[in-house]
*Asks:* 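Mind having a look at this structure? Questions to follow.
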Amino acid sequence: MSRHCFTPAVDRRTSGFLPLPTTLVLLMGALLLLAGCGNGSAPDSQQQGPPPMPAVFLTVVPEDVTVEVEYPGRVHGSREVEVRARVEGILEKRLYTEGRTVREKDHLFQIDPEPFAIALQRAQAEQAAAKAELQQARRERERSATLYQQDAISQRERDQAQTNLQLAEARLALAESALADARRNLRYARVEAPISGTTGLESFPEGSLIEAGNLLTTITSLDPVHLRFSLPEEDAAHLARRLLSSAGTPPPLIEATIRLADGSDYRHPGHIDFTSRVIDPNTGSVSARAVFANPDGELVPGQLLRLRLPLEKFSGVFAVPPAAVTTDRNGARVFVVGADNTAQARPVKPGLQVNGRQLILAGLEPGDRLIINGQVALADGMPITPIPAEHKEK
């Protein structure tokens, strides 16, 4: 049965109202008619909202992450020693092959020993004379002591005998000192290797007149070797925090590895043994050094290599896709899937990016379903349709 709407007629003669313009009367009647006819309900399709937005998520699990960095470095011998002459003389022989490895105490050079042998003989003779004088002085003192008790000599003569004994003892000490010096000079005429290592070129040919202090050659110890490199200021601060975290205990050994020119890793691991506490104002970097075993001589001084260093270690952190982290005026945040399939905003504390993944140091819990796609258009509390990722983050 159709519904009809009627508009009541108004008698302008008896209503007491002032007459209205015809156009206004018609407009009001049309509005009343629409209002009366609009009491029906709207179609159901006009009341339904848009469907929940799809959001791809992955379930996060904590893990231990090591941040590794690489720096260029140059190889140096662990010890580089200058071999210098200690006495003056003619350089008679070079007794090593240049560039070859020598052992400590090996004979390297021979300086003409004859002048030192003669000086040694003279010192030995002076020592013998001083010993004889000392024996005579002792006998004179004993004799004078006996005669003084018999009132055969004066006190002055007895004291003079005692003084002569003391002078003889001093002369013997001087003679023995000169003898030791002569023996040392003769020994220094034979130049020996102070350390084991690889020898350099000779500085003077045979037959040269050598003065004390002249550089004869150098020896470089190649096992172990040092790799010297520079750390950026920020990385040096991370490294210092690792060392300072062990207050009260010996500092931990920070391991390091070398990447060779062919891309392979050097088979002997090393460790950091020195880090400067001063920042170079010109470069903003900090000097550091690592030590590596080199039993086969594979690493050569002057070689430019790359050092790989674990800069910082994190335990129980979350590594997530960087796109999952957004920022607002309150800082970094992520969205997780709530229990009622709504997007829940979660403030987080981001760390470094490692191998293309963003570290989250705080703000997530194990098992959280982190939204990694579609989060840009989300708002806190918005209904979503969760879609699992193809694989979970490991």
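Note that the structure is a prediction, hence the values are computed from the model and not measured. Just so you know, these numbers use all the heavy atoms, side chains as well, and skip hydrogens, waters and symmetry mates.
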*Asks:* For Ala132, is there any backbone N or O sitting under 3.5 Å from a side-chain donor or acceptor partner on Gln135?
*Replies:* no
*Asks:* Can you get from Val354 to Leu361 by hopping between Ile, Leu, Val, Met, Phe, Trp and Tyr side chains that sit under 4.5 Å apart?
*Replies:* yes
*Asks:* Compare all side-chain heavy atoms of Ile219 with those of Thr198 and state whether any distance is below 4.5 angstrom.
*Replies:* no
*Asks:* We want to know whether Tyr148 and Ser154 form a side-chain donor-acceptor pair, criterion being a heavy-atom distance below 3.5 angstrom.
*Replies:* no
*Asks:* Please report the interatomic distance CD(Glu80) to CD1(Ile195), rounded to the nearest 0.5 Å.
*Replies:* 9.0 Å
*Asks:* Run the salt-bridge test on Arg139 and Glu142 with the 4.0 Å N-O cut-off and return the result as yes or no.
*Replies:* no
*Asks:* Using 4.0 Å as the upper bound for N to carboxylate O, is an ion pair formed by Arg141 and Asp159?
*Replies:* no
*Asks:* Please step through side chain to side chain contact (heavy atoms under 4.5 Å, CB included) for the pair Thr199 and Thr218, ending with a clear verdict.
*Replies:* CA-CA 6 Å; Thr199 56; Thr218 58; over 6 Å; no
*Asks:* Step by step, would you call Glu192 with Phe109 a side chain to side chain contact (heavy atoms under 4.5 Å, CB included)?
*Replies:* CA-CA 7 Å; Glu192 297 178 344; Phe109 297 94; over 6 Å; no
*Asks:* Could you tell me whether a side-chain N or O of Asp368 sits under 3.5 Å from a main-chain N or O of Leu370, the two making a donor and an acceptor?
*Replies:* no
*Asks:* Same cluster or not: Leu309 versus Val291, using hydrophobic residues (I, L, V, M, F, W, Y) connected whenever any side-chain heavy atoms lie under 4.5 Å apart?
*Replies:* no
*Asks:* Would you say Ser276's side chain and Val278's backbone share a donor-acceptor pair under 3.5 angstrom?
*Replies:* yes
*Asks:* Side-chain contact test, heavy atoms from C-beta onward, threshold under 4.5 Å: evaluate it for Val60 versus Glu365 and give yes or no.
*Replies:* no
*Asks:* Rounded to the nearest 0.5 Å, how far apart are CD of Glu157 and CG of Leu147?
*Replies:* 9.0 Å
*Asks:* Check Arg357 with Glu63, please: is the shortest side-chain N to carboxylate O separation under 4.0 Å?
*Replies:* yes
*Asks:* Decide yes or no on side chain to side chain donor-acceptor pair (under 3.5 Å) for Tyr188 and Arg86, but give the supporting numbers first.
*Replies:* CA-CA 6 Å; Tyr188 286 167; Arg86 296 188 178 186; 2.7 Å; yes
*Asks:* Hey, quick one: are Leu260 and Val225 part of the same hydrophobic cluster, counting side-chain heavy atoms closer than 4.5 Å, chains of contacts allowed?
*Replies:* yes
*Asks:* So, Asp181 side chain and Arg184 main chain: donor-acceptor pair closer than 3.5 Å or not?
*Replies:* no
*Asks:* What I want to find out is whether Arg171 reaches Glu126 closely enough, with some N-O distance under 4.0 Å, to be called a salt bridge.
*Replies:* no
*Asks:* When rounded to the nearest 0.5 angstrom, what is the spacing between CD in Gln344 and CZ in Arg333?
*Replies:* 12.0 Å
*Asks:* Are Arg183 and Leu186 side-chain neighbours, meaning at least one heavy-atom pair lies under 4.5 Å?
*Replies:* no
*Asks:* Could you tell me whether the side chain of Asp223 and the main chain of Asn294 form a donor-acceptor pair under 3.5 Å?
*Replies:* yes
*Asks:* Is any side-chain heavy atom of Ile384 closer than 4.5 Å to one of Ile371?
*Replies:* yes
*Asks:* Kindly state each residue pair satisfying ring pair (Phe, Tyr, Trp, His ring centres under 6.0 Å) with at least one member in residues 314-372, sequence neighbours excluded.
*Replies:* none
*Asks:* Tell me whether Arg103 is salt-bridged to Asp106, with the criterion being a basic N under 4.0 Å from an acidic carboxylate O.
*Replies:* no
*Asks:* Between Leu216 and Leu108, is any pair of side-chain heavy atoms under 4.5 Å apart?
*Replies:* no
*Asks:* Does any part of the side chain of Ser144, heavy atoms only, come nearer than 4.5 Å to the side chain of Arg158, both counted from C-beta?
*Replies:* yes
*Asks:* Using side-chain hydrogen bond (donor to acceptor under 3.5 Å, both in side chains) as the criterion, point out the one residue from Arg138, Glu140, Glu133 that pairs with Gln136.
*Replies:* Glu140
*Asks:* Any side-chain to backbone donor/acceptor pair from Ser285 onto Pro232? Under 3.5 Å, distance only.
*Replies:* no
*Asks:* Please identify each residue that fulfils ring-ring contact (aromatic ring centres under 6.0 Å, His included) with Phe116, with sequence neighbours left out.
*Replies:* none
*Asks:* Can you check whether Ser287's main-chain N or O pairs, donor with acceptor, with Arg228's side chain at less than 3.5 Å?
*Replies:* no
*Asks:* Has Gln358 got a side-chain atom pairing as donor or acceptor with Gly351's backbone, closer than 3.5 angstrom?
*Replies:* yes
*Asks:* Cut-off 3.5 Å, side chains only: do Thr66 and Glu68 have a donor facing an acceptor?
*Replies:* no
*Asks:* Given Ile90 and Ile111, is the side chain to side chain contact (heavy atoms under 4.5 Å, CB included) satisfied, shown in steps?
*Replies:* CA-CA 6 Å; Ile90 299 298; Ile111 298 174; 5.8 Å; no
*Asks:* Quick one: CZ on Phe274 to NE2 on His226, what's the gap to the nearest 0.5 Å?
*Replies:* 11.0 Å
*Asks:* Kindly compute the distance separating CG (Asp273) from CD1 (Ile254), expressed to the nearest 0.5 Å.
*Replies:* 11.0 Å
*Asks:* Under the rule for ring-ring contact (aromatic ring centres under 6.0 Å, His included), what residues qualify as partners of His268, not counting sequence neighbours?
*Replies:* Tyr266
*Asks:* Is the shortest heavy-atom distance from the side chain of Arg308 to the side chain of Ile258 under 4.5 Å?
*Replies:* no
*Asks:* Counting distance only, does the side-chain N/O of Glu206 pair as donor-acceptor with the main-chain N or O of Arg94 below 3.5 Å?
*Replies:* yes
*Asks:* When you compare the side chain of Leu165 with that of Leu134, does any pair of heavy atoms fall below 4.5 Å?
*Replies:* yes
*Asks:* Is there a donor-acceptor pair closer than 3.5 Å between any side-chain N or O of Asp265 and the backbone N or O of Arg259?
*Replies:* no
*Asks:* In sequence, state the C-alpha distance, the side-chain angles, and the governing distance for Val320 and Val325, and then conclude on side chain to side chain contact (heavy atoms under 4.5 Å, CB included).
*Replies:* CA-CA 8 Å; Val320 304; Val325 184; 4.2 Å; yes
*Asks:* So, taking the atom named CG in Leu91 and the one named CD1 in Ile210, what distance separates them when rounded to the nearest 0.5 Å?
*Replies:* 5.0 Å
